[in-house]
J.: 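Just passing along the structure, written as structure tokens.
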Amino acid sequence: PIDISTLGRFAEKCHAFAKALHYKEIEFYSQPSNETIEALISINNQLQQPEAAVGMLLYAQQHNEIDVTIHESWYEKLLRWEDALAAYERKQEKDSVDTEVTLGRMRCLHALGNWEELDALAQEKWRMASEQDRRVIAPMAAASAWGLGEWERMEEYISVMREDTDADAVFFRAIVAINRDQFDLAQGHIVATRDLLDTELTALASESYNRAYSVVVRVQMLAELEEIIQYKRCGGGPDGAATRAAIRSTWMRRLRGCQRNVEVWQRILKVRSLVVSPNEDMD
């Protein structure tokens, strides 16, 4: 017979998550291990079963007799960003030059929207990073620079990203162009980003809407960039004010239809901050 761990691994690779969960649970009951627990956390997340995923983490924390090491990435999979950040920071104190730990801290700071700390960390690591590491750091560093309005630094980070394959690179260039009121250039970048996301969205949507949701949000952000261009282009006077009010009203209705997820709302509101300040009453 085929080994249970092999069946579980291939079921997960084929995105047959219900079957993968069945096989991994059998494997877990026979011999708990780091790999099995991490796989169960990941699979339960894919199946939209966060309570079961958290249960696996609690099990690992409470059963000291099992030779299991809790990994920082487990907290990330559970979207427990503050716990993950604290764990990465404890690990970084022991090894200040570990690139993977630094990247983990940056992912957490990005998810938490802590742009000041993320920007400071990005600048510190950027100077000594290799070209390959810079490409990994660049999307998060560019996001922090955007959040702080550091447009020149944002362009420096974008410069190492590959526009032919990296949707983030083209998206960030659209943001910079809109900030400079270069609307035709921005529109070209928006279309290019949408083309890069098309294949990914088609593949994920064929599996499930939940798996495709993060890409759907990115496509919505592109649509709102186009609306921001319209928002900035409409002139003064009553007609322009009415257009802007209608766009803001549409944005509020659309936001209420999004998942109640802080990270999702933060991404969308960050795009809108190009024309609407965070403290402005959008109602």
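Note that the coordinates shown come from a computational prediction; the quantities given were computed from them, not determined experimentally. Positions are given from 1 along the sequence.
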J.: Does the gap between the ring centers of Tyr23 and Phe10 come in under 6.0 Å?
T.: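 No, too far apart.
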J.: Look at the side chain of Ser273 and the backbone N and O of Val276, then say whether any donor-acceptor pair between them is shorter than 3.5 Å.
T.: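 Not a single qualifying donor-acceptor pair exists.
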J.: When you compare the side chain of Leu47 with that of Ile43, does any pair of heavy atoms fall below 4.5 Å?
T.: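 SC-SC contact between Ile43 and Leu47 confirmed.
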J.: Could you walk me through whether Thr165 and Leu196 satisfy the side-chain contact (heavy atoms from CB on, under 4.5 Å) test, starting with their C-alpha distance in whole Å, then the side-chain angles of each, then the deciding distance to 0.1 Å, before giving a yes or no?
T.: CA-CA 7 Å; Thr165 58; Leu196 287 170; 5.6 Å; no
J.: Quick one: do Arg180 and Glu155 make a salt bridge, cutoff under 4.0 Å?
T.: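 Answer for the salt bridge query: yes.
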J.: Within this structure, what is the CD1-OG distance for the pair Ile37 and Ser42, rounded to the nearest 0.5 Å?
T.: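 So the CD1 of Ile37 and the OG of Ser42 are separated by 13.5 Å.
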J.: With a 3.5 Å cut-off and no angle check, do the side chains of Trp265 and Gln259 form a donor-acceptor pair?
T.: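 Their side chains do not contain a donor-acceptor pair, so the 3.5 Å distance test is not met.
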J.: Is there a side chain to side chain donor-acceptor pair (under 3.5 Å) between Thr199 and Thr202 once you walk through the steps?
T.: CA-CA 5 Å; Thr199 303; Thr202 302; over 6 Å; no
J.: Could you measure the distance from the CD1 atom of Ile178 to the CD1 atom of Ile229? Nearest 0.5 Å is fine.
T.: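 With rounding to 0.5 Å, CD1 (Ile178) is 4.5 Å from CD1 (Ile229).
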J.: Is it true that a side-chain atom of Asp166 and a backbone atom of Arg162 form a donor plus acceptor pair closer than 3.5 Å?
T.: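 Looks like no, no N/O pair under 3.5 Å.
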J.: Are Phe172 and Leu185 co-members of a hydrophobic cluster defined by side-chain heavy atoms under 4.5 Å apart?
T.: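 No, separate clusters.
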J.: Might you point out which heavy atoms bring Glu163 and Val170 nearest each other, and give the distance in Å?
T.: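 Distance-wise, the nearest heavy atoms are O-CG2, 3.4 Å.
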J.: For a quick check under 3.5 Å, do Arg134 and Tyr157 share a side-chain donor-acceptor pair by atom type?
T.: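 Side-chain D/A pair, Arg134 to Tyr157: absent.
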J.: Any ion pair linking Lys24 and Glu27 (charged N to carboxylate O, less than 4.0 Å)?
T.: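 Between Lys24 and Glu27 there is a salt bridge, with a charged N closer than 4.0 Å to a carboxylate O.
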J.: Determine the minimum heavy-atom distance between Ala141 and Ala122, stating which atoms define it.
T.: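 Taking Ala141 first and Ala122 second, the nearest heavy atoms are CB-CB, 3.7 Å.
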J.: Nearest 0.5 Å, what's the CG-CD distance between Leu269 and Glu224?
T.: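 Taking CG in Leu269 and CD in Glu224, the distance rounds to 9.0 Å.
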J.: Less than 4.0 angstrom from a charged side-chain N to a carboxylate O is my criterion; do Arg218 and Asp168 meet it?
T.: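 Yes, this pair counts.
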J.: Taking atom types as modelled, find out whether Arg254 and Gln220 have a side-chain donor-acceptor pair closer than 3.5 angstrom.
T.: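 No - no donor-acceptor pair under 3.5 Å links their side chains.
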J.: So, are Asp184 and Arg233 salt-bridged, with charged N and O less than 4.0 Å apart?
T.: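 Yes, this pair counts.
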J.: I would like to know whether Ile268 and Val264 meet side-chain contact (heavy atoms from CB on, under 4.5 Å); could you show each step before the answer?
T.: CA-CA 6 Å; Ile268 293 170; Val264 170; 4.0 Å; yes
J.: Linking I/L/V/M/F/W/Y whenever any side-chain heavy atoms sit under 4.5 Å apart, do Leu222 and Trp251 land together?
T.: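 Leu222 and Trp251: one cluster.
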J.: Could you tell me whether the side chain of Glu12 reaches within less than 4.5 Å of the side chain of Lys19, counting heavy atoms only?
T.: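 They are not in contact (no side-chain heavy atoms under 4.5 Å apart), so the answer is no.
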J.: Can you check whether Lys270 reaches Met221 side chain to side chain, under 4.5 Å on heavy atoms?
T.: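 Heavy-atom side-chain distance check fails, nothing below 4.5 Å.
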J.: Quick one: pull up CD1 in Ile247 and SG in Cys234 and give me the separation to the nearest 0.5 Å.
T.: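 These two atoms lie 5.5 Å from each other.
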J.: Can a side-chain donor-acceptor contact be found between Gln123 and Asp119 if the only test is distance below 3.5 angstrom?
T.: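 Distance-only check passes for Asp119 and Gln123.
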J.: Ion pair present between Glu226 and Arg194, side-chain N to carboxylate O less than 4.0 angstrom?
T.: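 Yes, Glu226 and Arg194 are salt-bridged.
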J.: Do the side chains of Lys232 and Asp181 get close enough for a salt bridge, i.e. N-O under 4.0 angstrom?
T.: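 Looking at Asp181 together with Lys232, the answer is yes, because their closest N to O distance falls below 4.0 Å.
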J.: Any side-chain heavy atom of Arg272 sitting closer than 4.5 Å to one from Arg248?
T.: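 No; the side chains remain at least 4.5 Å from each other.
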J.: Does Thr243 form a side-chain contact (heavy atoms from CB on, under 4.5 Å) with Tyr231? I'd like the steps, not just the answer.
T.: CA-CA 7 Å; Thr243 300; Tyr231 190 103; over 6 Å; no
J.: I want to check something: taking the side chain as every heavy atom from C-beta on, are Leu85 and Glu82 in contact at a cut-off of under 4.5 Å?
T.: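 They are not in contact (no side-chain heavy atoms under 4.5 Å apart), so the answer is no.
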J.: Passes ring-ring contact (aromatic ring centres under 6.0 Å, His included), Trp81 versus Tyr75? Steps please.
T.: CA-CA 7 Å; Trp81 298 109; Tyr75 292 114; over 10 Å; no
J.: Cut-off 3.5 Å, side chains only: do Glu100 and Tyr88 have a donor facing an acceptor?
T.: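 No, Tyr88 and Glu100 have no side-chain donor paired with an acceptor closer than 3.5 Å.
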J.: Membership question, hydrophobic clusters at under 4.5 Å side-chain separation (ILVMFWY): are Met106 and Leu148 in the same one?
T.: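 Yes; Met106 is reachable from Leu148 via cluster members.
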J.: Would you say that Trp151 contacts Ile175 through its side chain, given a criterion of any heavy-atom pair below 4.5 Å between the two side chains?
T.: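 SC-SC contact between Trp151 and Ile175 confirmed.
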J.: What's the separation between atom OG1 in Thr250 and atom CG in Leu255, rounded to the nearest 0.5 Å?
T.: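 One gets 12.5 Å once the value is rounded to the nearest 0.5 Å.
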J.: Indicate if Ile2 and Ile4 have the same hydrophobic cluster label, given that clusters are the connected sets of ILVMFWY residues with side-chain heavy-atom separations under 4.5 angstrom.
T.: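 Per the 4.5 Å side-chain linkage, Ile2 and Ile4 are co-clustered.
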J.: What I want to check is whether the side chains of Thr102 and Thr99 have a donor and an acceptor closer together than 3.5 Å.
T.: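 On atom types as modelled, these side chains do not qualify, holding no pair under 3.5 Å.
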J.: What heavy-atom pair brings Ala167 and Leu197 nearest, and what distance separates the two atoms?
T.: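 Heavy atoms of Ala167 and Leu197 come nearest at CB-CD2, 3.9 Å.
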J.: Do Phe171 and Leu225 make a side-chain contact, defined as non-hydrogen atoms from C-beta onward lying under 4.5 Å apart?
T.: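 In short, these two side chains touch, coming nearer than 4.5 Å.
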J.: If you look at every heavy atom in Gly104 and Glu76, which pair is closest and at what distance?
T.: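 Closest approach of Gly104 to Glu76: CA-OE2, 4.4 Å.
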J.: Let me check something: do Val54 and Leu21 share a hydrophobic cluster, defined by ILVMFWY side-chain heavy atoms less than 4.5 Å apart, either directly or through other members?
T.: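 Same cluster.
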J.: Minimum heavy-atom separation for Glu124 and Met128, please, with both atom names.
T.: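 Nearest heavy atoms, Glu124 then Met128: O-CE, 3.4 Å.
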J.: How long is the gap from CD1 on Ile26 to OG on Ser5, to the nearest 0.5 Å?
T.: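 Ile26 CD1 to Ser5 OG: 11.5 Å, rounded to 0.5 Å.
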J.: Would you call Trp115 and His110 a side-chain contact if the rule is heavy atoms closer than 4.5 Å?
T.: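 Result yes, sub-4.5 Å side-chain heavy-atom pair found.
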